[in-house]
Every structure is written in C-alpha cells, then in structure tokens.
Amino acid sequence: MAEELSAATSYTEDDFYCPVCQEVLKTPVRTAACQHVFCRKCFLTAMRESGIHCPLCRGNVTRKERACPERALDLENIMRRFSGSCRCCAKQIKFYRMRHHYKSCKKYQDEYGVSSVIPNFQISQDSVGNSNRSETSTSDNTETYQENTSSSGHPTFKCPLCQESNFTRQRLLDHCNSNHLFQIVPV
C-alpha cells in the first residue's frame, strides 16, 4: 500500500494527459522501450500513420506492440483513485471520469467548442414503425434523415454530410463516427 502511494505521488497531473490528443488518457497504453503513455486509440492511429516509431520520441516500437499495445494498468488504477482539476471550471474530478465531465461542463464546451469524446448517438424508438422518415438524435439535438427501403425490406439511410447512401441505422452511426466525427455542422 505504501509502495503504491509513493508511486502515485511521483506522477504529476500532466502525466494523465495523452501527448497526441491532449486529453485525459482513455485506455492508456505504454511503449516498452521508451515507456511513453498514450490513449490506446491515439497510439494505434499513430502507428498506422508513422509505421514503427513512438509518436513522442520516434523510438522504435516492436511489431507486437504495434498490433497489441500493453495497457498501462498501473496508471489506470492511479487514475481511478486520484483527482485533478477540470481545465475550465476547476472542479475536482477523478481522472478516469474527466472525459465524462467534459461532456457536461458548459465552460469546457464554451472554451473548446465541442465535447472531447465521441457523441453518444441513439436511435429514437418511435421511428421503428415509420416507413417515410426516421429520427436519429444526439444528446442535445435531433436531426431527421431520409429513409429508403432496400430490396430486403429493411430501411436504409443516406448520410446527411457526404450523401453516401444505403446504410442501416447502425452503419450510418458508425460511418458518421468514423468519417465525420470532427466535422462541425450547424444544426
């Protein structure tokens, strides 16, 4: 216990932020050679882009690490126990809950424009039986998408941002999250 406390006190608040996305770490992973820590998703994206080098120091990263990076479980445990200040409202939040806090922090959203996390899209239940239109809603706003019916009788949708068509409801949400996540569109 004393050993864990001493390890935890050697960290600074900056150690809980990813050097790639500049946000609180989400599923932290650590490189073996240089011991740098990143969000898992940021690390894997950087590996696809740069190949074999650490995104921070350009040190070598093994093929095994590139495919399956080792989680920094020690850091995850510390993030569950210790708090830090929100960048905007100064409220003390456990580090592992910070991204969730940013979703509801008005000052954070005013400062940075959008929440730092992927929006939680949900399909409205009353759209299931409607054959002409379907509603897909985010946490704050509702948009209507044109619905068509495929040859199999299942409804399909067209992306309102790029006009690509023939998506199922779930595939449209996945498409928007992967291709248009940071695209800001007036509502």
Side-chain angles (χ1 to χ4, degrees), residues 1-105 107-109 111-122 138-139 161-162 167 170-184:
M1 181 69 171
E3 189 175 298
E4 284 180 22
L5 185 58
S6 122
T9 57
S10 67
Y11 287 100
T12 66
E13 193 164 319
D14 291 337
D15 293 326
F16 301 110
Y17 285 85
C18 175
V20 175
C21 69
Q22 300 295 306
E23 296 293 339
V24 173
L25 291 163
K26 181 174 182 180
T27 315
V29 296
R30 181 179 287 121
T31 58
C34 54
Q35 298 292 300
H36 289 132
V37 180
F38 306 92
C39 297
R40 183 176 192 280
K41 186 175 181 178
C42 293
F43 178 77
L44 292 173
T45 301
M47 288 297 97
R48 278 194 303 272
E49 299 295 322
S50 74
I52 61 170
H53 301 289
C54 170
L56 190 60
C57 70
R58 308 282 299 149
N60 286 333
V61 177
T62 66
R63 176 176 286 169
K64 182 181 177 186
E65 275 185 291
R66 290 191 304 265
C68 186
E70 186 178 327
R71 287 182 67 174
L73 295 174
D74 59 328
L75 197 58
E76 281 186 54
N77 289 332
I78 292 168
M79 289 174 68
R80 291 190 177 282
R81 292 194 312 262
F82 291 93
S83 300
S85 297
C86 170
R87 292 177 173 174
C88 297
C89 72
K91 184 175 180 181
Q92 289 290 306
I93 308 289
K94 297 273 188 198
F95 282 109
Y96 84 100
R97 300 283 298 158
M98 192 70 74
R99 284 183 179 233
H100 181 72
H101 168 75
Y102 289 155
K103 279 194 215 179
S104 61
C105 179
K107 288 183 179 181
Y108 180 90
Q109 291 179 8
E111 176 75 22
Y112 294 101
V114 293
S115 177
S116 66
V117 294
I118 296 172
N120 184 16
F121 290 101
Q122 295 181 349
T138 63
S139 58
L161 301 171
C162 69
F167 289 106
Q170 186 59 51
R171 286 199 32 149
L172 176 60
L173 297 176
D174 293 342
H175 165 80
C176 289
N177 279 334
S178 64
N179 296 331
H180 308 296
L181 180 61
F182 298 108
Q183 196 170 350
I184 299 173

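Positions are given from 1, in the same order as the sequence printed here.
Distance check: R40 CZ to C18 SG gives 13.5 Å after rounding to the nearest 0.5 Å. One distance of note links CG of L56 with CD of Q35; it measures 13.0 Å at 0.5 Å rounding. Note that NE2 of H101 is 8.0 Å distant from SG of C88, once rounded to the nearest 0.5 Å. Taking CG from L73 and CD1 from I78, the interatomic distance works out to 11.0 Å, rounded to the nearest 0.5 Å. Atom SG of residue C34 and atom NE2 of residue H53 lie 12.0 Å apart, to the nearest 0.5 angstrom.
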>> Apply side-chain contact (heavy atoms from CB on, under 4.5 Å) to residues M79 and K94 and explain how you reach the verdict.
In response: CA-CA 7 Å; M79 289 174 68; K94 297 273 188 198; over 6 Å; no

> Checking side-chain contact (heavy atoms from CB on, under 4.5 Å) for the pair C42/K26: CA distance, chi angles, key distance, verdict?
Replying inline: CA-CA 9 Å; C42 293; K26 181 174 182 180; over 6 Å; no

>> Between F167 and D174, does the side-chain contact (heavy atoms from CB on, under 4.5 Å) criterion hold? Intermediate values first, please.
In response: CA-CA 10 Å; F167 289 106; D174 293 342; over 6 Å; no

>> Go through it in stages, so that I can follow the logic: the residues are I52 and M47, the test is side-chain contact (heavy atoms from CB on, under 4.5 Å), and I'd like the CA-CA distance, side-chain angles, deciding distance and then a yes or no.
In response: CA-CA 7 Å; I52 61 170; M47 288 297 97; over 6 Å; no

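Nearest heavy atoms, V20 versus P55: CG2-CB, 4.2 Å. The two residues C162 and H175 come nearest to each other via the heavy atoms SG-NE2, 3.4 Å. Between Y17 and Q22 the shortest heavy-atom distance is CD2-O, 3.8 Å. In plain terms, the two heavy atoms of G84 and F95 that are nearest each other are CA-CZ, 3.5 Å.
Put simply, the side chain of F43 reaches to within 4.5 Å of the side chain of V61, judged on heavy atoms. At least one side-chain heavy atom of L75 sits less than 4.5 Å from a side-chain heavy atom of V37. Side chains of C21 and C39 form a contact here, defined as non-hydrogen atoms less than 4.5 Å apart. Counting only heavy atoms from C-beta outward, the side chains of H36 and C57 approach each other to under 4.5 Å. Taking the side chain as every heavy atom from C-beta outward, R30 and P69 never approach each other to under 4.5 Å. Residues F82 and E13 fail the side-chain proximity criterion, which asks for heavy atoms closer than 4.5 Å. Y96 has its side chain out of reach of L25: every pair of non-hydrogen atoms, C-beta onward, lies at least 4.5 Å apart. Contact annotation: the side chain of E65 approaches that of T31 to within less than 4.5 Å [non-hydrogen atoms, C-beta and beyond].
R87 contributes no side-chain N or O that, together with a main-chain N or O of Y108, makes up a donor-acceptor pair within less than 3.5 Å. When atom types are taken as modelled, the side chain of D15 and the backbone of T12 share a donor-acceptor pair closer than 3.5 angstrom. With hydrogens and angles ignored, the 3.5 Å screen pairs no side-chain donor or acceptor of S85 with any backbone N or O of Q92.
Ion pairing of E23 with R99 is absent here, as no side-chain N (NZ or NE/NH1/NH2) approaches a carboxylate O to less than 4.0 Å.
Within 6.0 Å of CZ on R66 lie more than 12 heavy atoms contributed by other residues, nucleotides or ligands.
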